[in-house]
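The structure appears below as structure tokens.
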Amino acid sequence: MKIRIIAIGKIKEDYLKNGINEYLKRLQAYAQTEIAEVMDEPVKDNPSLSEIEIVKNKEGQKVLKLLKPGDYVINLDLNKKELTSPEFAKYLEDKFVVGNSSLTFIIGGSYGLSDELKKRANDSLSFSKMTFLHQMTRLILLEQIYRAFKINRNETYHK
């Protein structure tokens, strides 16, 4: 099993880097997990809607270049379906069982995902109706993937 996370933007805060590295280490027992970072586009203060679309499209093009035709792509999108942790565990298990040995999660930049990236996705999920720093989303995603493996193997983990 292989899990790839493509994320727009770099992690700057040490506490997030440490948490991310901890979960990457924990996940080694369950799946090959990697993170690919795509540089975010510079945005001036108070951008117009058209400037935001340009940024999302440029970032989207960078992500699309990293995808292969057969990749099963799951976008993280604020306005899509939410799952509980047990539902997410079942979701991952189902994806791996039906022959997807590799899953790619996409974390957008500050302004979200381009329309082209949304169309490319095989599925889209939301963690919450709340808005999180897109950098923090990486840590939350890794923790939930780890939790899913623990749930699916009936192993003890924090409730």
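Along the sequence shown, residues are numbered consecutively beginning with 1. Below, all heavy atoms of this structure are taken into account, side chains as well, without hydrogens, waters or symmetry copies.
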Say you draw a straight line from NZ of Lys12 to CD of Gln135; how long is it, rounded to the nearest 0.5 Å? 5.0 Å

Counting distance only, does the side-chain N/O of Thr33 pair as donor-acceptor with the main-chain N or O of Ala31 below 3.5 Å? yes

If you group Ile, Leu, Val, Met, Phe, Trp and Tyr whenever their side-chain heavy atoms sit less than 4.5 Å apart, what else falls in with Ile8? Ile6, Val38, Val63, Leu64, Leu66, Leu67, Val73, Ile106, Leu113, Leu117

Checking Lys25 against Glu22 for the salt bridge (charged side-chain N to carboxylate O under 4.0 Å, His left out) test, could you report, in this order, the C-alpha distance in whole Å, the side-chain angles of both residues, the deciding distance, and whether it holds? CA-CA 5 Å; Lys25 185 171 78 175; Glu22 175 64 26; 3.7 Å; yes

In short, Lys44 meets Pro47 closest at the heavy-atom pair O-CD, 3.3 Å

Using a strict threshold of under 4.0 Å (side-chain N to carboxylate O), is an ion pair present between Asp94 and Lys90? yes

Hey, what do you get for CD1 (Ile54) to OH (Tyr111), rounding to the nearest 0.5 Å? 13.0 Å

Contacts under 3.5 angstrom, residues 136-145 side chains, donor-acceptor by atom type, not counting sequence neighbours:
unit_1, atom_1, unit_2, atom_2, d
Thr137, OG1, Leu133, O, 3.1
Arg138, NH1, Glu37, OE2, 2.7
Arg138, NH2, Gly9, O, 2.7
Glu143, OE2, Arg147, NE, 3.1
Glu143, OE2, Arg147, NH2, 2.8
Glu143, OE2, Tyr157, OH, 3.0
Gln144, OE1, Ser85, OG, 2.7

Those residues at least two apart in sequence (or on a different chain) that pass ring pair (Phe, Tyr, Trp, His ring centres under 6.0 Å) with Phe88 are none

Separation of Ser124 OG from Phe105 CZ (nearest 0.5 Å): 11.0 Å

Do other residues, nucleotides or ligands put more than 12 heavy atoms under 6.0 Å from the NZ atom of Lys17? yes

Tyr91 vs Ile74, test: side-chain contact (heavy atoms from CB on, under 4.5 Å). Steps then yes/no. CA-CA 11 Å; Tyr91 174 87; Ile74 305 163; 3.6 Å; yes

Run the side-chain contact (heavy atoms from CB on, under 4.5 Å) test on Leu125 and Lys81 for me, step by step, so that the C-alpha distance in whole Å, both residues' side-chain angles and the decisive distance to 0.1 Å come before the verdict. CA-CA 5 Å; Leu125 299 174; Lys81 66 184 164 196; 3.6 Å; yes

Is the shortest heavy-atom distance from the side chain of Glu34 to the side chain of Lys2 under 4.5 Å? yes

In terms of hydrophobic clustering (I, L, V, M, F, W, Y; side-chain heavy atoms under 4.5 Å; direct or indirect links), are Leu49 and Val43 co-clustered? no

Could you check if a side-chain atom of Asp71 sits within less than 4.5 angstrom of a side-chain atom of Arg120, using non-hydrogen atoms only? yes

Residues, nucleotides or ligands: over 12 heavy atoms within 6.0 Å of Lys65 NZ: no

Donor-acceptor pair, distance only, cut-off 3.5 Å: does the side chain of Glu59 make one with the backbone of Glu41? yes

Do Asp77 and Lys118 have side chains that approach each other closer than 4.5 Å (heavy atoms only, starting at C-beta)? yes

Please lay out, stage by stage, how Glu87 and Glu82 fare under the test side-chain contact (heavy atoms from CB on, under 4.5 Å). CA-CA 9 Å; Glu87 289 170 341; Glu82 295 178 51; over 6 Å; no

Just checking Lys58: does its NZ atom have more than 12 heavy atoms from other residues, nucleotides or ligands closer to it than 6.0 angstrom? no

Nearest 0.5 Å, please: how far is CG in Asn21 from CG in Leu16? 11.0 Å

Please determine whether side-chain contact (heavy atoms from CB on, under 4.5 Å) holds for the pair Tyr30 and Asn152, giving the CA-CA distance in whole Å, both sets of side-chain angles, and the decisive distance to 0.1 Å. CA-CA 11 Å; Tyr30 302 100; Asn152 287 337; over 6 Å; no

Any side-chain heavy-atom pair of Phe149 and Ile3 under 4.5 Å: yes

To the nearest 0.5 Å, atom OH of Tyr146 lies from atom CD1 of Ile151 at 11.5 Å

Rounded distance [0.5 Å steps], OG in Ser114 versus CD in Glu53: 8.5 Å

